[in-house]
Number of protein chains: 2
Amino acid sequence: MTIRQNGGVMNTKDRKQREIQEREAKILECARPMFIEGGYNGLNMDRLTSMLEYSKGTIYNHFSCKEEIIITLAIQTLEKRLTMFEKASLFQGTSRERIAAIGTAAELFVKLYPDHFRVEQTIRLDSIWDKTSEERRQVMSNCEHRCIGVVGGIVRDGIASGDLNLGETTVPEEIVFGLWSLAFGGYSIIATSNSLTDLGILNPFETLRRNYHRFLDGIQWNPLSSEVDYDAVFERVCEEVFGNELQQISV
Amino acid sequence: MTIRQNGGVMNTKDRKQREIQEREAKILECARPMFIEGGYNGLNMDRLTSMLEYSKGTIYNHFSCKEEIIITLAIQTLEKRLTMFEKASLFQGTSRERIAAIGTAAELFVKLYPDHFRVEQTIRLDSIWDKTSEERRQVMSNCEHRCIGVVGGIVRDGIASGDLNLGETTVPEEIVFGLWSLAFGGYSIIATSNSLTDLGILNPFETLRRNYHRFLDGIQWNPLSSEVDYDAVFERVCEEVFGNELQQISV
DNA sequence: CACCATTTTGACGGATCGTCATTTTTTGTC
DNA sequence: GACAAAAAATGACGATCCGTCAAAATGGTG
């Protein structure tokens with residue numbers, strides 16, 4: 001009897017919870033294209049209200065301000081990236097091939113979610129960042145840290161296996177920082193600048209791939225790119241690890 | 001007589017012109033800290049009006065919208081960067097030392113104008129970018145292109161002098177893209193992420209420097225970092241080329 | 001001083017964010 | 001099912017801020 005009552009109560013609460021979750025998903029689903037279309041100003045709370053079947057107050061029950069919606073959009077895709085990184089890190093191969101697998105994941109991620117950078121760049125502007133809740137900022141940081149952690153783990157594996165020898169003056173995190181800079185900078189430039197085509201770089205993604213292999217050659221992470229065809233590794237990772245995701249886009 | 005008249009007219013016009021220039025400078029001078037303080041929303045046109053001794057309409061005679069002010073702020077610092085790059089490229093030394101000099105210039109630039117990135121990131125958001133005038137966008141592109149050109153020139157010098165051999169499958173622009181990615185990504189991460197200190201990287205600027213030398217080692221741009229103390233080159237460039245600028249900051 | 005051209009002014013319209021008093025719905029109880 | 005209390009939803013409203021434009025001020029000229 002008590003059990004039944006409890007059960008009943010829980011079911012009701014669960015249903016409520018689920019409804020709230022679903023509504024939140026709907027809000028985000030509607031907000032994303034609005035943001036993609038016109039950025040921070042394009043995401044119009046009045047228009048969002050009129051497009052959804054909920055009133056303003058209801059939406060503000062879910063998200064205390066516009067910025068909270070935007071950071072949640074960022075978190076949604078960041079979580080997808082984390083999943084892709086983790087999947088890539090399981091690739092069977094040398095430590096350097098596994099780093100290449102992460103690079104592949106990063107590239108496929110920006111191709112699958114080409115608008116993610118825009119969202120993240122907006123969020124990182126202090127004027128926006130400061131209005132978001134500490135809670136959601138934590139979630140975002142956590143995602144970032146875990147992505148970094150995956151890469152760091154592979155660097156340490158490389159050292160442990162003897163493929164990589166950093167010497168005594170270098171810590172693995174410096175290499176993570178280097179790869180991260182190359183990737184973040186490269187994808188940002190690709191996304192926001194016309195100068196690349198002006199420069200005559202026809203396939204920027206391929207060039208970026210070759211650039212991080214140049215960096216890895218520079219620290220002599222074996223086997224070097226002169227010994228292994230890392231383009232082929234890229235193709236293999238695309239197929240073997242991300243075959244499913246890839247059906248959606250043309251690489 | 002005609003000459004005198006002309007002279008007089010010209011003087012009046014010149015004075016007018018000068019006054020307009022000066023006013024424009026004042027507007028920007030007042031707008032910059034406001035933007036730095038609170039970003040896009042922090043730059044408040046009403047407040048700007050009340051702080052300056054000019055009315056709203058007058059300000060809108062200079063800049064047709066808020067975004068035009070912001071892009072002009074970006075252009076102001078971009079021009080300083082171009083000057084620093086050009087100065088650095090004249091450094092006497094091997095081609096690789098000259099690239100290191102550009103790296104030094106880039107680092108000193110972000111230290112001298114730590115808020116520039118914020119301004120540039122804001123401008124690059126499509127929602128802002130689209131509202132700026134084609135004219136000012138051209139000026140900005142031009143600055144960027146000339147900076148890239150300086151770097152490209154040194155790469156080609158390196159090839160010509162035999163310090164660098166890219167082979168037949170690589171064009172110099174790919175290397176420019178690589179260095180640019182590393183720098184842009186690295187400085188962005190330094191500016192907007194706490195993860196670096198979390199990672200245990202105590203001196204991110206030094207690490208970034210070492211990272212681009214790793215990249216340059218990877219393409220075997222001679223002399224390699226194992227043969228030359230590029231930290232010492234950095235110091236020399238700071239002193240010999242940028243001694244004046246450096247008095248303002250602590251490196 | 002009178003007249004025209006140019007520049008400056010700031011009140012105002014319009015857009016948009018977030019609030020909160022009011023209304024509606026849900027829950028719990030007899 | 002009827003009713004009260006709690007919870008949730010509503011949307012009109014206040015506040016803020018951008019950019020405009022009719023009117024006023026300024027400056028040059030005969």
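Chain identifiers are assigned alphabetically (A, B, ...) following the order of the sequence lines, protein sequences preceding nucleic acid strands; residue numbering begins at 1 within each chain.
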Value in whole Å for how far the C1' atom of D/dT20 lies from CE of B/Met45: 13 Å
Listed nucleotide nearest any side-chain atom of B/Thr58, set D/dA9, C/dT16, C/dT9: C/dT9
Spacing of A/Leu125 atom CG and B/Thr122 atom OG1 [to the nearest 0.5 Å]: 4.5 Å
B/Leu48 CG - C/dG10 C1' separation (whole Å): 15 Å
For atom CD of A/Glu19 and atom C1' of C/dT25, their distance in whole Å: 12 Å
Parallel, tilted or perpendicular: rings of B/Trp180 and B/Phe177 (30°, 60°): perpendicular
Any pair counted as salt bridge (Lys or Arg N to Asp or Glu O under 4.0 Å), so long as it reaches residues 140-154 of chain B, sequence neighbours left out: B/Glu86-B/Arg146, B/Arg124-B/Glu144
Residue met sooner reading DNA chain C from 5', once A/Asn44 and A/Gly57 are mapped to nucleotides: A/Asn44
Residue pair B/Cys147, B/Val150: steps toward the side-chain contact (heavy atoms from CB on, under 4.5 Å) verdict: CA-CA 5 Å; B/Cys147 275; B/Val150 171; 5.9 Å; no
Touch class at under 4.0 angstrom, heavy-atom based, for B/Leu43 against every strand present: sugar-phosphate
Whole-Å distance separating the CZ atom of B/Phe63 from the P atom of C/dT8: 14 Å
B/Tyr113 six-ring face occupied by B/Lys80 cation (under 6.0 Å, within 45°): no
Atom pair distance, as rounded to whole Å: OH in A/Tyr40 and C1' in C/dT16: 10 Å
Whole-Å distance separating the CG atom of A/Asp46 from the P atom of D/dC13: 14 Å
d(CG, B/Leu52; P, C/dT9) in whole Å: 11 Å
Donor-acceptor contact present, side-chain B/Thr49 to main-chain B/Met45, <3.5 Å: yes
Mutual orientation of the aromatic rings belonging to A/His116 and A/Phe109 [parallel < 30°, tilted 30-60°, perpendicular > 60°]: perpendicular
Closest listed nucleotide, where the reference is the side chain of A/Tyr60 and the choices are C/dT19, D/dG19, C/dG10: C/dT19
Write out a two-atom table: protein N or O, nucleotide N or O from nucleotides 4-7 of chain C, distance below 3.5 Å.
none

Exceeds 12 heavy-atom contacts within 6.0 angstrom, atom CD of B/Glu37: no
Closest nucleotide among C/dC17, D/dG19, D/dA9 to the B/Lys56 side chain: D/dG19
Residues touching DNA chain D, which here means a heavy atom under 4.0 Å, drawn from residues 124-135 of chain B: none
Options C/dG18, D/dT10, D/dG19, nucleotide nearest the side-chain atoms of A/Lys66: C/dG18
Atom pair distance, as rounded to whole Å: CD1 in B/Ile59 and C1' in C/dT9: 12 Å
Distance in Å, A/Leu112 CG paired with A/Thr77 OG1, rounded so as to fall on 0.5 Å steps: 11.0 Å
